[in-house]
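Convention: sequence-line order gives letters A, B, ...; per-chain numbering from 1.
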2 protein chains.
Amino acid sequence: MSSENIDTRTRILKSSLELLEASQGRGVRMTDIAKRAGITRQALYLHFATRAELLIATTHYLDQIKGSDARLEPSRTAQSGIARLDAYIEAWSEYIPEIYPIGKALMAMKDTDAAADKAWDDRMQAMREGCAAAILALERDGNLSPDHSAEDAIDILWTMLSVRNWEQFTLECGWSREKYGKTLKSLARRVFVAG
Amino acid sequence: MSSENIDTRTRILKSSLELLEASQGRGVRMTDIAKRAGITRQALYLHFATRAELLIATTHYLDQIKGSDARLEPSRTAQSGIARLDAYIEAWSEYIPEIYPIGKALMAMKDTDAAADKAWDDRMQAMREGCAAAILALERDGNLSPDHSAEDAIDILWTMLSVRNWEQFTLECGWSREKYGKTLKSLARRVFVAG
DNA sequence: TTTCAACTTGACACCGTGTCAATTGACATG
DNA sequence: CATGTCAATTGACACGGTGTCAAGTTGAAA
């Protein structure tokens with residue numbers, strides 16, 4: 001096994017991520033992660049104080065190995081507000097499936113664990129920045145529909161692009177990634193672009 | 001106390017509902033419900049086999065006392081597809097805040113309890129019928145935007161009106177009930193009505 | 001050869017759900 | 001009055017999952 005001399009902490013994060021991905025974030029216990037990392041459950045606590053902390057560390061690990069969060073950036077280079085909106089939705093639709101499993105696990109703890117709640121909220125707040133940037137660019141171009149204030153438009157885009165919505169479209173309605181991306185882009189144009 | 005000779009089952013349901021409403025569906029335990037109903041936790045199980053079953057019964061109790069579900073009907077009498085869409089969104093925006101607390105509790109069990117999962121899914125499937133009726137009426141009028149097939153439009157409306165979205169708009173974005181209703185109606189027109 | 005850190009073993013606490021057996025108290029019926 | 005029934009009580013326990021603790025092992029570095 002190539003993974004034998006990897007440092008333990010990393011092996012834990014890798015195991016955590018693999019299990020979460022395999023189960024779409026549902027039903028992954030500390031025991032399972034420990035087993036897969038080749039250590040005891042108790043040893044997990046030598047590296048992470050709580051399950052929430054481990055889950056949060058797993059998101060950072062994911063970002064680090066996939067550079068996922070960086071991929072949300074390129075939309076900033078787009079010229080027009082419309083292009084920026086499109087680019088952002090495209091990037092986001094690639095990104096969601098990757099964080100979904102770990103996001104799901106974190107969301108499941110929202111109600112009982114303040115740390116998990118905050119960690120996920122922070123992520124969603126960061127994603128809101130991207131929505132705001134797109135809407136503001138649209139406004140600057142004079143292309144924002146007069147139906148909504150910029151603030152409202154941001155709320156709407158942010159909600160349209162929520163992970164819960166992605167979950168419903170893909171998992172419940174059976175939409176493909178392509179259909180999701182294509183439809184949300186068209187929806188966003190229709191809702192936010194004037195005329 | 002006027003509630004003393006009410007039949008126990010009803011007293012339990014009443015307590016369950018009150019506690020769920022008071023806490024917005026979060027952290028209500030069997031013990032709490034029993035205490036409020038004036039019986040022991042164990043006695044709860046003489047009336048309901050599981051927590052999920054009690055929660056589900058609570059939704060029926062809520063429908064019964066508030067006649068909430070019936071209020072989703074009047075949109076059927078509306079003339080045009082557009083009026084129907086409006087009426088449905090209006091009724092729904094009145095309805096959501098009422099079922100939200102118990103819905104929240106049910107949703108929290110989705111991942112671990114199959115019965116709760118199914119019960120909530122059934123509700124959402126019923127609500128989808130309303131969405132379908134509105135979209136189909138719009139299509140019959142020749143007013144459905146050519147951007148979407150009827151099926152896609154139903155998926156989209158259904159997701160737009162999801163409880164999770166309502167939660168985000170009102171709880172996270174701080175929208176009032178009126179703003180929610182008004183904005184969703186305007187959004188729906190813009191997205192679904194041709195021209 | 002000692003020392004230290006990482007890890008193991010095994011036990012235990014806490015919470016919330018669900019279960020069970022034995023008991024109590026009220027009420028109805030013969 | 002005795003008997004039975006029914007709803008509820010008391011007290012105990014199981015289970016699953018998280019988190020904790022004390023004592024022991026192992027391997028590598030100093």
[X] [atom1] to [N] [atom2], straight-line distance once rounded to whole Å:
X	N	atom1	atom2	answer
A:Asp7	C:dA6	CG	P	11 Å
A:Lys35	C:dC7	NZ	C1'	17 Å
B:Phe48	D:dA7	CZ	C1'	15 Å
A:Ile12	C:dC7	CD1	C1'	11 Å
B:Glu53	C:dT17	CD	P	15 Å
A:Leu46	C:dT9	CG	P	13 Å
A:Asp113	C:dC14	CG	P	20 Å
B:Met30	D:dC15	CE	P	20 Å

Margin query: Within the 3.5 Å criterion, strictly below it, is a donor on B:Tyr100 or B:Glu167 matched to an acceptor on the partner's side chain?
Written below: yes
Item checked: 5'-most by nearest nucleotide on DNA chain D - A:Ala49 or A:Arg29 -> A:Arg29
Can you find a donor-acceptor pair, distance only, under 3.5 Å between [X] side chain and [N] base?
X	N	result
B:Gln42	C:dG18	no
B:Arg41	C:dG18	yes
A:Arg51	D:dG19	no

Check: Checking all strands, does A:Ile39 fall into the base, sugar-phosphate, or nothing category for heavy-atom contacts under 4.0 angstrom?
Finding: sugar-phosphate
Checklist line | Candidates D:dT20, D:dA8, C:dT9 - which lies nearest the side chain of A:Thr40 | finding: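 Nearest listed nucleotide: C:dT9.
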Next item on the list: Check whether the ring centres of A:Trp175 and A:Tyr180 lie less than 6.0 Å apart, and answer yes or no.
Entry: no
Check: For D:dA8, does either OP1 or OP2 sit under 4.0 Å from a side-chain N or O belonging to B:Thr8?
Finding: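 So the side chain of B:Thr8 is within the cut-off, an N or O lying under 4.0 Å from OP1 or OP2 of D:dA8.
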Margin query: Under 4.0 Å from OP1 or OP2 of C:dC7: is there any side-chain N or O of A:His47 that close?
Written below: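 Looking at the OP1 and OP2 atoms of C:dC7, one of them is under 4.0 Å from a side-chain N or O of A:His47.
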Item checked: Parallel, tilted or perpendicular: rings of A:Tyr88 and A:Trp92 (30°, 60°) -> parallel
Item checked: Short side-chain to backbone donor-acceptor contact, A:Gln168 and A:Arg164, under 3.5 Å ->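 No.
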Notebook entry, point to check: Considering only heavy atoms from C-beta outward, does the side chain of A:Arg11 approach that of A:Asp7 to under 4.5 Å?
Noted result: no
